[in-house]
> 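This is the structure, below, for whatever I ask next.
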Amino acid sequence: MTEAPHGIAGAKPTGTLERHGRIGTQREEEPEGTPDGQEAAVLLRESRASVDPALRSAIASLPASMRRIALYHFGWQHADGTPASGNAGKAIRPALVLASAAALGGPTARAAAVPAAAAVELVHNFTLLHDDVMDRDATRRHRPTAWTVFGDADAILAGDALHALALRSLAVDPHPASAAAAARLADCVMELCEGQHADTAMERRAPDEVTLDETLVMAEAKTGALLGCACALGALYAGAADEEVAALDAFGRAAGLAFQLIDDVIGIWGDPRRTGKPAGADLAARKKSLPVVAALTSGTPAAAELAELYAAPYEEGKEDLERSALAVERAGGRDWAQAQAADHMARAMQELARAVPDPEAAGGLLALAEFVTRRST
Ligand SMILES: CC(C)=CCC/C(C)=C/CC/C(C)=C/COP(=O)(O)OP(=O)(O)O
């Protein structure tokens, strides 16, 4: 189906994931399909069990007006204030903090790193609250977004409150690494803002003005930075040397970019029953996601068709979405994104081997990295 676009069709998957043939081939809620998937599922569950009490206790300290929005956003309370047990997200980032600490410092470091893991998850959720307002996204984690329920102002304030809780979690932690971790997390938030700015600025530009390189740089800042920071914080809490911290940061960044590439594929072809978002939402919003920009810049006939579709506002109805998705696919955007994800994962594996040479100690991080790019449509 691909029409051999410029350069992008030539990219071939490489590295660990290609060998396992696993990029985007497993069901998101079934990580048990392989031994690694099972390990990731266990790590994610254990991470939730360790971090949720810290998150709940932090949220309990918020003023009532903010607390109800935060509890709703995490799926722990309905909008009317009654208890709920909704989807609180995959908790990949806190699992990366804990797995990084465990890889370099064993169970003691893992236990000590819980405040850092909570801080990273609070920052992640602060950015989701703000992002949904900025993008006018109406659905997240299978339910209406906070701004659609509580209004823009209160959703933004709740995001600010989660950001404050993240800083507080580190500020009150007596661990010797907490100050360095707070500084690193603050740097990361600035990079997230830069990435988000690039993203929103890009959305205002004409499709033919956006390059693939700048889209990749934006995605690394918007998504890679926080996964890198999560790993770096785990390493700091393990008392790791600077080079190990830097290598784990690079590992998380590369895995994070692979994660965003697959997330963008899922944003177009994902099954709403799994994604918790409406089908084709990114195409309907005319988002310049990575597969779309790859397709638009491919120089193929399908690129011209896609550009024409993107020049007009989305019209409700299935045909527009199907034609857009087909054009992205025929222009090679989907294959390119999956090949790029595999390349970034291969780079992540190299950084991981540098940071944690013992394969047994690195096993948890490897399983989590493979899990984030094995999610499928
Ligand atoms: C400053 C600012 C507003 C920045 C915005 C940054 C932003 C929202 C980037 C998107 C990152 C992303 C892939 C989120 C989904 O994560 P996930 O699939 O892990 O979500 P989950 O927690 O629901 O599982």
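It should be emphasised that the depicted structure is a prediction, and the values quoted were computed from it without experimental measurement. Both ligands and their constituent atoms are indexed starting at 1 by order of listing.
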> Below 4.0 angstrom, N of the basic side chain to O of the carboxylate: do R93 and E121 qualify?
no
> Going by the order shown, which atoms of ligand 1 are within less than 4.0 Å of some heavy atom of G89?
21 (P), 22 (O), 23 (O), 24 (O)
> Considering only heavy atoms of D131, which atoms of ligand 1 have at least one such atom less than 4.0 Å away?
8 (C)
> For ligand 1, which is the ligand I care about here, please tell me if E121 has any N or O atom under 3.5 Å from one of the ligand's N or O atoms.
no
> Hey, are the side chains of L129 and W147 touching, using non-hydrogen atoms and a 4.5 Å cut-off?
no
> Does an N or O from R93, backbone or side chain, lie closer than 3.5 Å to an N or O of ligand 1?
yes
> Any nitrogen or oxygen of K222 lying under 3.5 Å from a nitrogen or oxygen in ligand 1? Just yes or no.
no
> Distance to 0.1 Å, residue and atom name: give those for the protein heavy atom nearest to atom 17 (P) of ligand 1.
K90 NZ, 3.5 Å
> Tell me, do L98 and V51 make a side-chain contact under 4.5 Å, heavy atoms counted?
yes
> With a 4.0 Å cut-off on heavy atoms, is F126 in contact with ligand 1?
no
> If you look only at distance, which donor and acceptor atoms sit under 3.5 Å apart when one is on a side chain in residues 170-189 and the other is two or more places apart or in another chain?
from	atom 1	to	atom 2	distance (Å)
D173	OD1	H175	N	3.3
D173	OD2	Y237	OH	2.6
H175	ND1	A177	N	2.9
H175	NE2	Y237	O	3.4
S178	OG	D173	O	2.9
S178	OG	H175	O	3.0
R184	NH2	D249	OD2	2.9

> With side chains defined as the heavy atoms from C-beta onward, is the minimum distance between D137 and T148 less than 4.5 Å?
no
> Relative to each other, are the rings of F150 and Y72 parallel, tilted or perpendicular (30° and 60° limits)?
perpendicular
> At what distance is the nearest protein heavy atom to atom 5 (C) of ligand 1, and which residue and atom is it?
Q196 OE1, 3.3 Å
> Determine whether the side chain, the backbone, both or neither of D263 has a heavy atom under 4.0 Å from any heavy atom of ligand 1.
side chain
> Students should be able to answer this: which protein heavy-atom is nearest to atom 23 (O) of ligand 1, and at what distance?
R141 NE, 2.8 Å
> Tell me the protein heavy atom at minimum distance from atom 11 (C) of ligand 1, and give that distance in Å.
T223 OG1, 3.5 Å
> Should the ring pair F126 and H130 be called parallel, tilted or perpendicular, given that the plane angle runs from 0 to 90° and is split at 30 and 60?
perpendicular
> Under 4.5 Å between any side-chain heavy atoms of L55 and D52, yes or no?
yes
> Among all the protein's non-hydrogen atoms, which is closest to atom 13 (C) of ligand 1, and how far away is it?
Q260 OE1, 3.4 Å
> Does E209 come within less than 4.0 Å of R204, counting only side-chain N to carboxylate O?
no
> Tell me: protein heavy atom nearest atom 3 (C) of ligand 1, and distance?
T127 O, 3.6 Å
> Is there a nitrogen or oxygen of H124 sitting under 3.5 Å from a nitrogen or oxygen of ligand 1?
yes
